[in-house]
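Below you'll find the structure, written out as structure tokens, and then a few comments.
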Amino acid sequence: MSEGNISRKHLDGLSISKPHTLLLNSTIVDRPRLLGKSPVHTGKKLTMLEAPVGFGKAVLMAQWAEEASVEGFSISWHKISKGDNCRATLVASLSTLLEGELPSQVKSNRKIDDVEYLSDLSSQLNRKHILFIDKLERLQDVDSIGTLNNLVESGGQEFFFVMASSKGNVIPISEYRSHNQLEHIGADELIFSCEEISALFKNKLDEEQIDYLSRITTGWPVALWYEQIRCENDAKHPEVPNETDTIPLSPDLEEFIDEQIFSEIEPPLRGVLMEMSIFKRFTAKQANHICGIKNVANKIAGQHLSPLIYSSEDMAGHFHFTPLFYEYLHKKLFESDEAKIKLLHQKATDWYETRDAPYEAIFHAAQADDTSRMMNLFISAGGVEIGLRKGVETLERIVALFPLEIGESEPQLLLARALLYMKEGKLNIGHSFLEQADQKMAESSSDPSLEYYESIVVMLLSVYQDNDVSLAEIAQFEANAKHVIPERFWSQGWFNNLLCMMYYSVGEMTKAKEAASIALEFYSLSDAVYSQIFAHIHLALINHVLGDLKRCSHELGAAKSLCQEHFAPDAGLTAIVQVLLAEVKYEQGDDKAARQLITKSLKNIEEHEGWVDVFTRGYVTASYLEFNKGSPEKAFEILDHGSAIAGRRNLPRLRRIMEIQKLELLTLSGDMVQAKSVIKSLSLEQYLTAPDKLNLKTFQEMYRTIQALARYCIILGTENNALELLDVIIDDQKKLRHNGFLIKSKILKILALESLNQHSVADEMFQDVVKQAHAQDFLMLFLNEGKSLRNFINSHIKRVTLSKLPNEYVSFIGRMLANRESVRGAKDETNVLTPKEFDVLQNLSFGYQNKTIGHSMGLSETTIKFHLRNIFLKLGVRNRMMAVEVARAKNIIP
């Protein structure tokens, strides 16, 4: 990573031209993936390292040289200087390296067959030899290049070449590649991975610090080396700044870039790069428009600056600066005349405005101090729409650009600030700004566009406050949208988004799904990524109610990818996705993944954006995780905290659902006194015997309440009341395809039927519900019922012939029994099987009978039966088939 001195004692037989050697720094990190590519290991004739300066080419060669000397190779090292750029000088240097006497023809600069001469010298070497050549890019003389290339071609089988260049190929390499005699290593291979960054810092950094260093340096070795030295000198680790902070550029690295990179770039291109640092990425056409320079792409390619400046595949035609190089150029730009910088931003504003990119145009207008133009662009784009198309982070940055006096008087800015506070969960403050905007609008002439954006904020506030959005309000919004901005894709997306939310609130999932899918299409057409994320979230919620966990996971995966790619700093947005993913992971039996996702995400949605459905799913999942872990007190603390959030945000439905979940957990734990107290506090006693009179605001609240009451009745021994309660909702769940809730209702009905000794009906329903649940991996809906369901399963296995049932059915039951220890109160009786028990179980999985197993193991049939009894006890099963299925589910046998 650095240049300096390497002790001659480490390199036996090292010959070096000119007073130049290399330092193997104490912080060098062993990189096996690169060390194994030296000629010592590959046997390749030519090894070519190509990367800009600072990528550790010389250090890697020094490591190779040290290893080669240990392996018995003789080593020569030549660093080409600018004075070497003629044939005679090159031949003289190589002759000295190979310890030959310089011919008189070379001394007089007369033509000789220098290749034959050098080849003769190389053939006299008494062992394998590697010639290392650094700074190959300085060799520009055609004769010198030809001489070196001919030497490589004519060198014997024991003569190897390693060359490093920072500006592309100097000698032709295609022939060596075609003969499999070339090892080519580029910048992409030389950058440091996260694991190597950790090793460089002696494994003292946490994951966030490593990720930060990887992101700002993009693995650039010299930048990491300077940072490592700074940390050693300051005795502290790199601090991760906020996203809005300037990336720290150390003086040493700035000096390195200045002397080793920037000074080597052609002067016209230096000016272009400096001026284009007003962007973090740019196109060649953009550079031509703003700087008046053509063929920028060719000029950049000619300087071989990748990956300091690179063109990514996902944004074809765009050049990206790596963060540190951007910071260097941006800093250098600000040393320029202020008027020049403003002019650049004015040109950038023109560029983006003509390409219908108002968000970027507003930023550059602000840098040009053109407040009037900023305001016109903001009004034209619609501040609220900016937030919902490009994200609240973008809107927040734009709003902060305006002077305070304008922000307090312009309705568009007031509406934008109302939206921002709502997204932060500060609904009262958001409502206050909404009222201020309404007042300003009343004082001025009617503006349809303001009414349009105001209606969006009003309806969003309704969602956050858990109020229904009516069809009449949606129709009014559609009329406003058509009047203000006809045929606009984003408006059509938002219209369908509202329809989706309305249909979802009344349980019409088919219509809600159709509306959400249409919204997603319109959002995609308008490049509204932020809105797309919410469309995916809505589709995930819909699919969850429909009982399609696989599709739900797919939609959440799409939302998560968009969050990571475009809105990584938006903790609130990411948290919503993580809460819903945690619920899916939990329901599929992956407690560990669910717990990891839920830990931080619940706190983030409390501090940012959230609505009743998201809060409900988050707190219910978190409470189950603690309850099943054997920590009911923590589970109730989580629900109490959810109730407190409900009070803070004025969400009475959320508070009620928290109490219903508390009732469910109390009943499952057998605390019927406290459960009865909750029922009384919610005024639900009358509905235990008159369920048809129960009428709650939303289908989800209705379902959760009846299911909790039904379980309470089953535990009390009033199973007929439980069946009456469940029949109130089961028909609706079937008709509306609310399969996720339907599975839980059926499980409760099975337990009630079993308790009433209606075994055949219960068995038939269980087979039906297992088939439905297995398709989507709804595991925890069964396990949540704890001992009651385990007892039913054991009785069910006795009554049915498992061998006549589908394999998927038997395997799913095996998973239930195998995971029983994840349910509170259930002890894991699975001990380590003895070797003989394992052998018996293995033979059992092959379908062998006791007599056959005994014969193969040299044991009596009585002994085999003894081992089987122990196996059944340890696995918690009562027959051979379930023993095999549980063992497979636990990965005891394949």
Side-chain angles (χ1 to χ4, degrees), residues 11 13 30-52 55-80 90 94 97-98 113-137 139 142 144-193 196 219 221 301 304 306-307 313:
L11 299 180
D30 284 335
R31 307 172 76 188
R33 62 188 175 88
L34 293 176
L35 293 176
K37 293 192 174 187
S38 75
V40 174
H41 299 287
T42 66
K44 299 290 178 68
K45 185 76 171 177
L46 174 62
T47 302
M48 181 70 72
L49 299 168
E50 288 187 65
F55 274 81
K57 302 183 296 297
V59 167
L60 179 60
M61 290 198 301
Q63 288 179 287
W64 284 348
E66 186 172 37
E67 181 189 34
S69 68
V70 172
E71 295 294 326
F73 285 70
S74 59
I75 308 297
S76 297
W77 190 289
H78 179 58
K79 177 181 178 182
I80 297 175
L90 178 67
L94 296 180
L97 286 173
L98 298 175
D113 191 342
D114 44 34
V115 174
E116 183 179 347
Y117 162 66
L118 291 172
S119 297
D120 286 343
L121 285 178
S122 66
S123 65
Q124 296 171 22
L125 299 170
N126 57 10
R127 54 180 170 164
K128 292 181 179 180
H129 190 94
I130 302 178
L131 171 59
F132 291 89
I133 298 181
D134 193 15
K135 301 293 181 184
L136 183 64
E137 69 276 2
L139 199 64
V142 175
S144 300
I145 294 170
T147 294
L148 183 58
N149 186 52
N150 291 335
L151 177 60
V152 177
E153 287 182 350
S154 62
Q157 292 182 350
E158 304 296 297
F159 201 9
F160 303 93
F161 299 83
V162 178
M163 304 183 192
S165 171
S166 63
K167 290 187 178 178
N169 296 328
V170 173
I171 66 171
I173 61 175
S174 57
E175 183 178 344
Y176 304 109
R177 180 179 280 116
S178 64
H179 289 86
N180 197 29
Q181 284 297 305
L182 173 70
E183 185 67 39
H184 186 271
I185 301 174
D188 289 344
E189 292 180 86
L190 291 168
I191 61 176
F192 268 54
S193 66
E196 289 167 340
H304 299 283
S306 175
E313 293 180 5

(request) Search all heavy atoms of Ser193 against all heavy atoms of Arg33 and return the closest pair with its distance. (result) N-NH2, 4.3 Å
(request) State, with a plain yes or no, whether a side-chain heavy atom of Leu35 is found less than 4.5 Å away from one of Trp64. (result) yes
(request) Applying side chain to side chain donor-acceptor pair (under 3.5 Å), name anything that partners Glu183, two or more places apart in sequence or on another chain. (result) none
(message) Nearest 0.5 angstrom please: Ile80 CD1 to Leu139 CG, how far?
(response) 4.5 Å
(request) Would you please classify the geometry between the Phe159 ring and the His129 ring as parallel, tilted or perpendicular, with 30° and 60° separating the classes? (result) perpendicular
(request) With rounding to the nearest 0.5 Å, note down the distance linking CG in Asp188 to CD in Glu50. (result) 12.0 Å
Please tabulate, one pair per line, all N/O donor-acceptor pairs under 3.5 Å involving side-chain atoms of residues 36-43, not counting sequence neighbours.
| unit_1 | atom_1 | unit_2 | atom_2 | d |
| --- | --- | --- | --- | --- |
| Lys37 | NZ | Glu189 | OE1 | 2.4 |
| Ser38 | OG | Val40 | N | 3.4 |
| His41 | NE2 | Glu67 | OE1 | 3.4 |
| His41 | NE2 | Glu67 | OE2 | 2.9 |
| Thr42 | OG1 | Ser38 | O | 3.3 |
| Thr42 | OG1 | Lys44 | N | 3.2 |

(request) Just jot down the side-chain contact (heavy atoms from CB on, under 4.5 Å) partners of Glu153, sequence neighbours excluded, or say none. (result) Asn149, Asn150, Glu175, Tyr176
(request) Would you give the length of the straight line joining atom CG of Asp134 to atom NE2 of His78, rounded to the nearest 0.5 angstrom? (result) 10.0 Å
(request) Give, for atom CD of Glu196 and atom CZ of Arg31, the distance between the pair rounded to the nearest 0.5 Å. (result) 4.0 Å
(request) Go through Ile130 and Thr47 one step at a time and tell me if the side chain to side chain contact (heavy atoms under 4.5 Å, CB included) criterion holds. (result) CA-CA 10 Å; Ile130 302 178; Thr47 302; over 6 Å; no
(message) Is there a side chain to side chain contact (heavy atoms under 4.5 Å, CB included) between Ser166 and Lys57? Walk through the geometry before answering.
(response) CA-CA 9 Å; Ser166 63; Lys57 302 183 296 297; 4.1 Å; yes
(message) Just so I know, are the side chains of Gln63 and Asp30 near enough to count as touching, which here means a heavy-atom distance under 4.5 Å?
(response) yes
(request) Hey, could you give me the NZ/CZ distance between Lys45 and Phe160, rounded to the nearest 0.5 Å? (result) 7.0 Å
(message) In the structure I gave you, are the side-chain heavy atoms of Met163 and Val152 within less than 4.5 Å of one another anywhere?
(response) yes
(request) To the nearest 0.5 Å, tell me how far Ile171 CD1 sits from Leu136 CG. (result) 6.5 Å
